[in-house]
Asks: 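Okay, handing you the structure first.
Computed from heavy atoms alone, side chains included, the values below leave out hydrogens, waters and symmetry copies.
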Amino acid sequence: MADISNSDGSSIQIPTIKFTKLFINGEFVDSISGKTFETINPRTCEVIARISEADKEDVDLAVKAARDAFDLGPWPRMSGSERARLMLKWADLIDEHKEELAALDTIDSGKLYHYSKDFEIPLSANMLRYYAGAADKIHGQVLKASMEFHAYTLMEPIGVVGHIIPWNGPTFLFFTKVSPSIAAGCTMVVKPAEQTPLSALFYAHLAKQAGIPDGVVNVVQGFGHTTGAAITSHMDIDAVSFTGSTEVGRKIMEAAARSNLKQVSLELGGKSPLIVFDDADIDKAVEFAVLGIFFNKGEVCCASSRVLVQEGIYDEFEKKLLEKAKAWTIGDPFDSKTQHGPQARTTYITSKDHYEKILSYIEKGKREGATLLLGGKPVDIKGYYIEPTIFSDVKEDMCIAQDEIFGPVLSILKFKTIEEGIKIANNIKFGLAAGIMTKNIDTANTVSRSIRAGTIWINCYFALGNDIPFGGYKMSGFGKDYGLDALYKFLHVKSVVTPIYNSPWL
């Protein structure tokens with residue numbers, strides 16, 4: 001292991017990469033083709049390791065393992081309390097290895113080490129615990145049939161699930177998908193993003209250590225056009241859960257329709273507005289605006305990439321926003337003082353590089369006539385860093401106000417009335433989330449009911465929780481993550497009906 005010295009005098013160990021192969025049926029195995037690909041450290045621009053690359057034949061093996069585990073194995077037939085016991089062991093093992101796991105996500109995706117170690121990984125372990133608590137509470141209903149029948153419903157696991165995970169939250173989004181489906185009794189094939197496969201493989205190892213039966217959790221890393229396509233079109237996968245771009249979401253729906261009409265859940269792109277009214281606490285609004293776009297270097301699906309400010313406070317808000325944003329600390333993601341690490345890089349040679357995509361949108365904003373108030377350039381240090389960037393004088397039809405950039409680029413738009421603010425907020429193809437800053441309860445109620453988005457935050461932002469359903473409207477997708485809604489989407493409802501003879505009542 002290598003050591004990294006921190007600005008506070010502490011040191012952090014960079015772990016040796018232990019797991020680089022596919023995880024199928026409880027074992028780490030090479031891909032059938034023997035092919036591998038590089039995973040890149042965005043902090044140093046260097047290769048971390050070569051990772052086994054799954055093709056269709058490897059996916060077939062993983063699906064067979066998951067299918068056998070579902071059709072013949074103990075997992076769906078265990079009591080909910082027994083599944084919960086093993087899930088809790090898995091969560092405890094995650095807590096025991098949080099430093100190593102945080103380091104893996106930092107070198108693989110540029111995430112802040114201390115945030116991952118102190119918050120994201122513990123939150124992910126607690127997500128497992130949340131759904132472990134629900135595993136023994138899955139039950140149907142007794143129905144009051146209108147005729148002479150006794151009727152009730154069963155809730156049964158949907159079967160084999162394909163999970164496709166994005167690169168911006170390798171740990172949190174892994175457990176967002178896996179936790180409810182495994183509690184429901186499903187088995188699964190997980191495809192982590194090709195940019196960030198390292199922690200997913202480690203979590204598979206810990207699942208086996210916890211006693212999760214072989215074949216229940218399989219991890220096949222590879223590329224979307226091969227591995228992902230094999231999952232979404234597979235005739236023996238019963239459901240697919242995907243978080244990522246709207247463009248890929250379309251392809252997944254098409255593949256599901258052309259194959260076996262598998263159930264699909266999609267959490268897709270966003271261009272979420274933070275709407276700041278004249279009566280808002282400006283300092284608090286500025287704080288949420290900065291956090292909402294620059295947290296995780298803007299690589300967040302529900303980032304507040306559009307800030308709509310009412311004209312009465314626009315100038316004061318803009319001034320304070322610039323002061324706050326200029327103090328945002330860019331640097332080494334292992335440093336505890338850093339707030340903003342490097343952008344992710346793609347690894348597949350024909351993919352458009354995400355880092356270059358962000359820079360191209362900044363240039364597009366300039367050409368469209370928006371005013372560049374802050375940033376707009378790469379940072380002059382080693383690694384794939386981009387300055388926090390703010391545009392003002394943005395019109396609602398500009399590309400930077402319509403397209404998901406998925407980087408640290410903020411557009412500020414001015415509005416006059418509540419009605420105009422609602423119109424601008426809704427004039428977008430996405431509908432993932434929105435924030436409202438106001439002290440007026442009538443304004444909050446009116447706007448929250450008028451915005452076409454799946455989550456509305458009032459005088460807060462990024463208020464996510466295991467028990468709060470999250471998912472989009474419009475082209476931000478459908479199906480909920482978190483809460484019991486996420487559990488139910490991995491369950492089939494079966495109605496059972498039997499005649500009643502000579503009963504004194506129905």
Asks: I'd like to know if the side chain of R306 and the backbone of K271 have a donor-acceptor N/O pair within less than 3.5 Å.
Replies: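 Checking the backbone N and O of K271 against the side chain of R306, a donor-acceptor pair under 3.5 Å is found.
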Asks: Answer yes if the ring centres of Y203 and F175 are under 6.0 angstrom apart, and no otherwise.
Replies: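 Yes, ring centres under 6.0 Å apart.
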Asks: Walk me through whether I330 and F294 qualify under side-chain contact (heavy atoms from CB on, under 4.5 Å).
Replies: CA-CA 10 Å; I330 308 171; F294 299 136; over 6 Å; no
Asks: Between K177 and T243, is there a side-chain donor-acceptor contact under 3.5 Å, judged purely by atom types and distance?
Replies: yes
Asks: If you look at every heavy atom in L112 and G341, which pair is closest and at what distance?
Replies: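 Answer, listing the atom of L112 first, then G341: CD2-N, 4.0 Å.
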Asks: Look at the side chain of K111 and the backbone N and O of G169, then say whether any donor-acceptor pair between them is shorter than 3.5 Å.
Replies: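 Checking the backbone N and O of G169 against the side chain of K111, no donor-acceptor pair under 3.5 Å is found.
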Asks: Check whether any side-chain N or O of T389 sits under 3.5 Å from a backbone N or O of G376 as a donor-acceptor pair, and report yes or no.
Replies: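 Yes: the side chain of T389 pairs with the backbone of G376.
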Asks: Say whether, by atom type as modelled, one donor and one acceptor occur between the side chain of K326 and the main chain of L374 under 3.5 angstrom.
Replies: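 Such a contact is absent between K326 side chain and L374 backbone.
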Asks: Distance check, rounded to the nearest 0.5 Å: N427 atom CG versus E396 atom CD?
Replies: 4.5 Å
Asks: So, for S304 and V307, which heavy atoms are closest and what is the spacing to 0.1 Å?
Replies: O-CG2, 4.1 Å
Asks: Taking atom CD of Q141 as the centre, does the number of heavy atoms from other residues, nucleotides or ligands within less than 6.0 Å exceed 12?
Replies: no
Asks: Output yes when a side-chain donor or acceptor of Q310 lies under 3.5 Å from a complementary backbone atom of K416, and no otherwise.
Replies: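 Yes.
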Asks: Step by step, would you call K364 with E368 a salt bridge (charged side-chain N to carboxylate O under 4.0 Å, His left out)?
Replies: CA-CA 6 Å; K364 196 174 293 186; E368 288 182 318; over 6 Å; no
Asks: For M253, I'd like to know if atom CE has over 12 heavy atoms of other residues, nucleotides or ligands within 6.0 Å.
Replies: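 Atom CE in M253 is not crowded, with 12 or fewer foreign heavy atoms closer than 6.0 Å.
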Asks: Would you say the ring centers of F23 and F202 fall short of 6.0 Å from each other?
Replies: no
Asks: Check whether D393 reaches the backbone of T371 with its side chain - one donor and one acceptor, N or O, closer than 3.5 Å.
Replies: no
Asks: In sequence, state the C-alpha distance, the side-chain angles, and the governing distance for H163 and S181, and then conclude on side-chain contact (heavy atoms from CB on, under 4.5 Å).
Replies: CA-CA 10 Å; H163 295 302; S181 57; 2.9 Å; yes
Asks: Output the distance between atom CD1 (I182) and atom CG (L128), rounded to the nearest 0.5 Å.
Replies: 7.5 Å
Asks: Does any part of the side chain of H340, heavy atoms only, come nearer than 4.5 Å to the side chain of V379, both counted from C-beta?
Replies: no
Asks: For G483 and Y131, which heavy atoms make the closest approach, and how far apart are they?
Replies: O-OH, 2.8 Å
Asks: Can you check whether Y355 reaches P342 side chain to side chain, under 4.5 Å on heavy atoms?
Replies: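 The answer is no, as the side chains (C-beta and beyond) never meet within the 4.5 Å cut-off.
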Asks: Is any side-chain heavy atom of K429 closer than 4.5 Å to one of K474?
Replies: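 In short, these two side chains do not touch, never coming nearer than 4.5 Å.
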Asks: With salt bridge (charged side-chain N to carboxylate O under 4.0 Å, His left out) as the criterion, how do D238 and R67 come out once you've worked through the C-alpha distance, each side chain's angles and the decisive distance to 0.1 Å?
Replies: CA-CA 10 Å; D238 301 299; R67 174 55 62 192; 2.6 Å; yes
Asks: Are any non-hydrogen side-chain atoms of Y473 and T455 less than 4.5 angstrom apart?
Replies: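 No, too far: nothing below the 4.5 Å cut-off.
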Asks: Tell me if the NZ atom of K137 is crowded by more than 12 foreign heavy atoms within 6.0 Å.
Replies: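 Yes, the 6.0 Å shell around NZ holds more than 12 heavy atoms from other groups.
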Asks: State plainly whether the residues D60 and K56 are in salt-bridge range, i.e. N to O under 4.0 Å.
Replies: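 Salt bridge between D60 and K56, a charged N being under 4.0 Å from a carboxylate O: yes.
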Asks: Run the side-chain contact (heavy atoms from CB on, under 4.5 Å) check on I362 and F391 step by step: do they pass?
Replies: CA-CA 9 Å; I362 292 171; F391 282 101; 4.1 Å; yes
Asks: So, taking the atom named OG in S259 and the one named CD1 in I237, what distance separates them when rounded to the nearest 0.5 Å?
Replies: 9.0 Å
Asks: Give a yes or no answer on whether the side chain of K414 reaches the backbone of E311 with a donor-acceptor pair at less than 3.5 Å.
Replies: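 Looks like no, no N/O pair under 3.5 Å.
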Asks: Should we count CD of E323 as having more than 12 external heavy atoms under 6.0 Å?
Replies: yes
Asks: Can you confirm whether K366 is buried at NZ, in the sense that more than 12 heavy atoms of other residues, nucleotides or ligands lie under 6.0 Å from that atom?
Replies: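 Above 12, so yes.
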Asks: Distance check, rounded to the nearest 0.5 Å: N168 atom CG versus L173 atom CG?
Replies: 6.0 Å
Asks: Can you tell me how far apart OH (Y361) and CD1 (I400) are? Round to the nearest 0.5 Å.
Replies: 10.5 Å
Asks: Counting neighbours of NZ on K251 that are heavy atoms of other residues, nucleotides or ligands and sit closer than 6.0 Å, is the number greater than 12?
Replies: no
Asks: Quick one: do R129 and D95 make a salt bridge, cutoff under 4.0 Å?
Replies: yes
Asks: Which heavy atom in T232 sits nearest to a heavy atom in A229, and how many Å separate them?
Replies: OG1-O, 3.2 Å
Asks: Can you establish whether the number of heavy atoms outside K324 located under 6.0 Å from its atom NZ is more than 12?
Replies: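 No - once you tally the heavy atoms of other residues, nucleotides and ligands closer than 6.0 Å, there are 12 at most.
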Asks: Can you find a pair of side-chain heavy atoms, one from W457 and one from L274, that are under 4.5 Å apart?
Replies: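 No - every pair of side-chain heavy atoms lies 4.5 Å or more apart.
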Asks: State, yes or no, whether a side-chain contact exists between S411 and M398 at a heavy-atom distance under 4.5 Å.
Replies: no
Asks: Taking the side chain from D279 and the backbone from N440, do they hold a donor-acceptor pair closer than 3.5 Å?
Replies: yes
Asks: Would you call the rings of H354 and F406 parallel, tilted or perpendicular, where under 30° means parallel and over 60° means perpendicular?
Replies: perpendicular
Asks: Salt bridge between D281 and K439, side-chain N to carboxylate O under 4.0 Å?
Replies: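 No, this pair does not count.
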Asks: Is it true that a side-chain atom of D467 and a backbone atom of Y482 form a donor plus acceptor pair closer than 3.5 Å?
Replies: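 The answer is no, because no donor-acceptor pair under 3.5 Å joins these two groups.
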Asks: Any side-chain heavy atom of N296 sitting closer than 4.5 Å to one from Y115?
Replies: no
Asks: Tell me the closest heavy-atom pair linking S124 and T171, and the distance in Å.
Replies: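 Here S124 and T171 meet closest at OG-CG2, 3.3 Å.
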Asks: Are side-chain N/O atoms of S265 and K489 paired as donor and acceptor at under 3.5 Å?
Replies: yes
Asks: Do side-chain atoms of T196 reach the backbone of P192 as a donor and acceptor pair under 3.5 angstrom?
Replies: no
Asks: Measure across G110 and P333 and return the closest heavy-atom pair with its distance rounded to 0.1 Å.
Replies: O-CB, 3.7 Å
Asks: Would a 4.5 Å heavy-atom cut-off, applied to side chains only, mark I412 and L321 as touching?
Replies: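 I412 reaches L321 side chain to side chain.
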Asks: Distance check, rounded to the nearest 0.5 Å: D397 atom CG versus Q402 atom CD?
Replies: 7.5 Å
Asks: I'd like to know whether F415 forms a side-chain contact (heavy atoms from CB on, under 4.5 Å) with I275, so could you lay out the CA-CA distance, the side-chain angles of the two residues, the decisive distance to 0.1 Å, and finally the verdict.
Replies: CA-CA 9 Å; F415 70 94; I275 311 168; 3.8 Å; yes
